[in-house]
> 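Can you read through this structure? Questions will come right after.
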Amino acid sequence: MNGLSVTELCCLFCCPPCPGRIAAKLAFLPPEPTYSLVPEPEPGPGGNGAAPSGTLRASAGTPGRWKLHLMERADFQYSQRELDTVEVFLTKSSRGNRIACMYVRCVPGARPRPAARYGISPDSIVLYGQSIGTVPTVDLASRYECAAVVLHSPLTSGMRVAFPDTKKTYCFDAFPNIEKVSKITSPVLIIHGTEDEVIDFSHGLALYERCPKAVEPLWVEGAGHNDIELYSQYLERLRRFISQELPSQRA
């Protein structure tokens, strides 16, 4: 989520207070993409994966498998081996919006257990959301139980980011994390930088105080919004949460 100028705030509220429109304006001031999705070739008649010239396995409106293509300006470049572990597919929201999803295997060619699509039990799933990504994470976790939830630089609500003095949640605020976090029944780890210049540190504190299943949080002294991963305590806290605290809670 970017900082909003006075001009952007005026633009934000020049439309009626419709949650969907405000959400689009507030959250999605996106940078230029550094990746694209490329449809995998359709297997040929012999089943050997060769595709007739000009044919693709999936088009924009049909299900199928896709490949992740990183552009040269991407800060981090995956190796071919890493790319081979990534399965990309598209799904649709209840409103018909297309959402790109990635499934990353531990090793190339790994096979999921039979059940659901990937055969992964909810008690083996950790939901991880960062910044604006904490909004769908909190929403999902408030409705379904999972192994754990990690909220990285979370926001309490959209209005509270745009207007820090806001004390209540309005009906047109499409990002009401502060109202939903108390419904989460899974263990929650909240991580926030004390010098966050985009989503103030007070948001992390407020969510921690409101969340009944919160574990010991990680407040990274001196960290901003986009550099928490550079601090050694970040990985240390994640490792302790996943490998020690969660198993002890299940015992």
Side-chain angles (χ1 to χ4, degrees), residues 1-6 8-9 12 23 25-36 68-79 82-83 85-86 100-102 104 126-141 148-166 175 177-178 181 184 187-211 214-246:
M1 180 178 288
N2 299 331
L4 298 177
S5 65
V6 174
E8 289 169 331
L9 286 174
L12 172 63
K25 290 187 175 183
L26 180 63
F28 300 108
L29 302 172
E32 288 295 317
T34 58
Y35 70 93
S36 62
L68 178 66
H69 172 70
L70 293 175
M71 301 176 184
E72 290 185 1
R73 64 174 177 272
D75 289 335
F76 183 80
Q77 295 287 340
Y78 291 105
S79 67
E82 291 170 321
L83 288 173
T85 68
V86 178
C101 304
M102 293 196 305
V104 183
V126 175
L127 298 177
Y128 192 116
Q130 180 176 358
S131 189
I132 192 66
T134 62
V135 176
T137 300
V138 168
D139 179 71
L140 186 60
V149 180
V150 180
L151 302 179
H152 178 150
S153 304
L155 62 154
T156 52
S157 74
M159 286 292 291
R160 287 173 173 85
V161 173
F163 301 99
D165 293 332
T166 302
F175 309 131
N177 276 355
I178 193 68
V181 74
I184 299 178
V188 180
L189 170 61
I190 298 177
I191 301 172
H192 216 116
T194 60
E195 301 300 322
D196 194 318
E197 71 286 1
V198 178
I199 300 175
D200 192 78
F201 174 52
S202 60
H203 288 253
L205 280 172
L207 289 170
Y208 172 70
E209 293 170 355
R210 193 74 170 261
C211 182
V215 300
E216 178 188 349
L218 174 62
W219 309 137
V220 185
E221 191 69 33
H225 191 67
N226 296 308
D227 61 353
I228 288 179
E229 299 92 330
L230 302 180
Y231 290 74
S232 61
Q233 58 263 51
Y234 166 73
L235 284 180
E236 292 170 2
R237 183 67 187 95
L238 281 178
R239 187 177 294 112
R240 179 158 59 91
F241 180 53
I242 300 298
S243 63
Q244 297 179 22
E245 295 176 14
L246 291 186

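Please read these numbers as outputs of a predicted model, since none were measured by experiment.
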> Can you tell me if Asp227 uses its side chain to pair, donor with acceptor, with the backbone of Leu230 under 3.5 Å?
no
> Using side-chain heavy atoms (C-beta onward) and a distance below 4.5 Å, is Ile191 in contact with Arg237?
no
> Using every non-hydrogen atom in the two residues, find where Gly193 and Ile228 come nearest and quote the distance to one decimal.
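The answer is N-CD1, 3.4 Å.
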> Could you state the interatomic distance from NE2 (His69) to OG1 (Thr34), rounded to the nearest 0.5 Å?
10.5 Å
> When rounded to the nearest 0.5 angstrom, what distance separates CD in Glu72 from CD in Gln77?
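The CD atom of Gln77 is 8.0 Å from CD of Glu72, to the nearest 0.5 Å.
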> Apply the side-chain contact (heavy atoms from CB on, under 4.5 Å) test between Tyr128 and each candidate in Leu189, Leu238, Leu151; give the one that qualifies.
Leu238
> What distance do Ile178 atom CD1 and Thr166 atom OG1 have between them, rounded to the nearest 0.5 Å?
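Output value for this atom pair is 12.5 Å.
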> Taking atom CG of Leu218 and atom NE2 of His152, what is their separation to the nearest 0.5 Å?
9.0 Å
> Can any side-chain N or O of Arg73 pair as donor or acceptor with the backbone N or O of Pro33 at less than 3.5 Å?
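Checked: pair present.
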> Minimum heavy-atom separation for His192 to Asp200, with atom names?
NE2-O, 3.5 Å
> Counting only N and O atoms by type, is there a donor-acceptor contact under 3.5 Å from the side chain of Glu229 to the main-chain atoms of Tyr234?
no
> Where is the tightest heavy-atom contact between Asn177 and Leu155, given as atom of each residue plus distance?
ND2-O, 2.8 Å
> If the condition is ring-ring contact (aromatic ring centres under 6.0 Å, His included), which residues does Phe201 pass it with, not counting sequence neighbours?
Trp219
> Between Pro154 and Ile190, what is the shortest heavy-atom contact and its length?
CG-CG2, 4.0 Å
> Do you know which two heavy atoms are closest between Ser36 and Met71, and how far apart they sit?
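Here Ser36 and Met71 meet closest at CB-CE, 4.1 Å.
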> Partners of Phe241 by ring-ring contact (aromatic ring centres under 6.0 Å, His included), sequence neighbours excluded?
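Residues passing ring-ring contact (aromatic ring centres under 6.0 Å, His included) with Phe241: none at all.
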> Write down the atom of Ala141, the atom of Val149, and the distance for their closest heavy-atom approach.
CB-CG2, 3.6 Å
> Quick one: does Thr156's side chain have a donor or acceptor within less than 3.5 Å of a partner on His203's backbone?
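Looks like no, no N/O pair under 3.5 Å.
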> For Ser153 and Asp196, run side-chain contact (heavy atoms from CB on, under 4.5 Å): C-alpha distance rounded to whole Å, both residues' side-chain angles, the deciding distance at 0.1 Å, then the answer.
CA-CA 8 Å; Ser153 304; Asp196 194 318; 3.9 Å; yes
